[in-house]
Amino acid sequence: MPHSKSFKKIGLVGKPGSKAAQESVDGLIKVISQLNLTMYLPQSDEVEFPIADDSKTNINYLPFEKMGEQCDLVIVVGGDARLLKTPGE
């Protein structure tokens with residue numbers, strides 16, 4: 001599939017409190033940044049994944065409930081079941 005027709009807005013959700021999920025999300029951020037795609041992380045009081053240098057990446061923060069509306073693709077790391085709790089939203 002040509003890049004111009006692929007997903008352009010990618011949501012990344014990691015399981016809160018999981019070091020393995022954070023490491024996976026960090027790795028995904030590096031890969032997605034190289035593709036010059038827009039990324040969305042959940043905006044939450046519960047968890048904030050620290051990003052080493054988000055000034056060089058296209059990272060945006062959204063309320064979790066809005067990710068389905070704004071993202072073309074959401075990647076969930078670490079078995080975060082919150083997505084299963086909000087079908088159709």
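Bear in mind that the values here come from a model prediction, so they are computed numbers and not experimental data.
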Original post:
Does K8 offer a backbone N or O that forms a donor-acceptor pair with the side chain of D72 under 3.5 Å?
Top reply: yes

Subject >> Beyond-backbone contact of V25 with I75, side-chain heavy atoms, under 4.5 angstrom >> reply: no

Subject >> Point-to-point distance, once rounded to the nearest 0.5 Å, from CG of L73 to OG of S6 >> reply: 10.0 Å

Original post:
If you measure from OH on Y40 to CG on L62, what distance do you get to the nearest 0.5 Å?
Top reply: 6.0 Å

Original post:
So V74 and V13, side chain to side chain contact (heavy atoms under 4.5 Å, CB included) or not? Walk me through it.
Top reply: CA-CA 7 Å; V74 177; V13 178; 3.9 Å; yes

Original post:
So how far is it from Q22 CD to I29 CD1, rounded to the nearest 0.5 Å?
Top reply: 9.0 Å

Original post:
Does any non-hydrogen side-chain atom of I10 lie less than 4.5 Å from one of T38?
Top reply: no

**OP:** Quick one: pull up NZ in K9 and CD in E69 and give me the separation to the nearest 0.5 Å.
**Re:** 10.5 Å

Original post:
Do you know which two heavy atoms are closest between P42 and Y61, and how far apart they sit?
Top reply: O-CD2, 4.3 Å

Original post:
Is there side-chain contact between Q43 and F64, with at least one heavy-atom pair below 4.5 Å?
Top reply: no

**OP:** Check whether any side-chain heavy atom of L12 lies under 4.5 Å from a side-chain heavy atom of M39, and answer yes or no.
**Re:** yes

Subject >> Contact summary for G78 and A21, nearest pair of heavy atoms >> reply: CA-CB, 4.4 Å

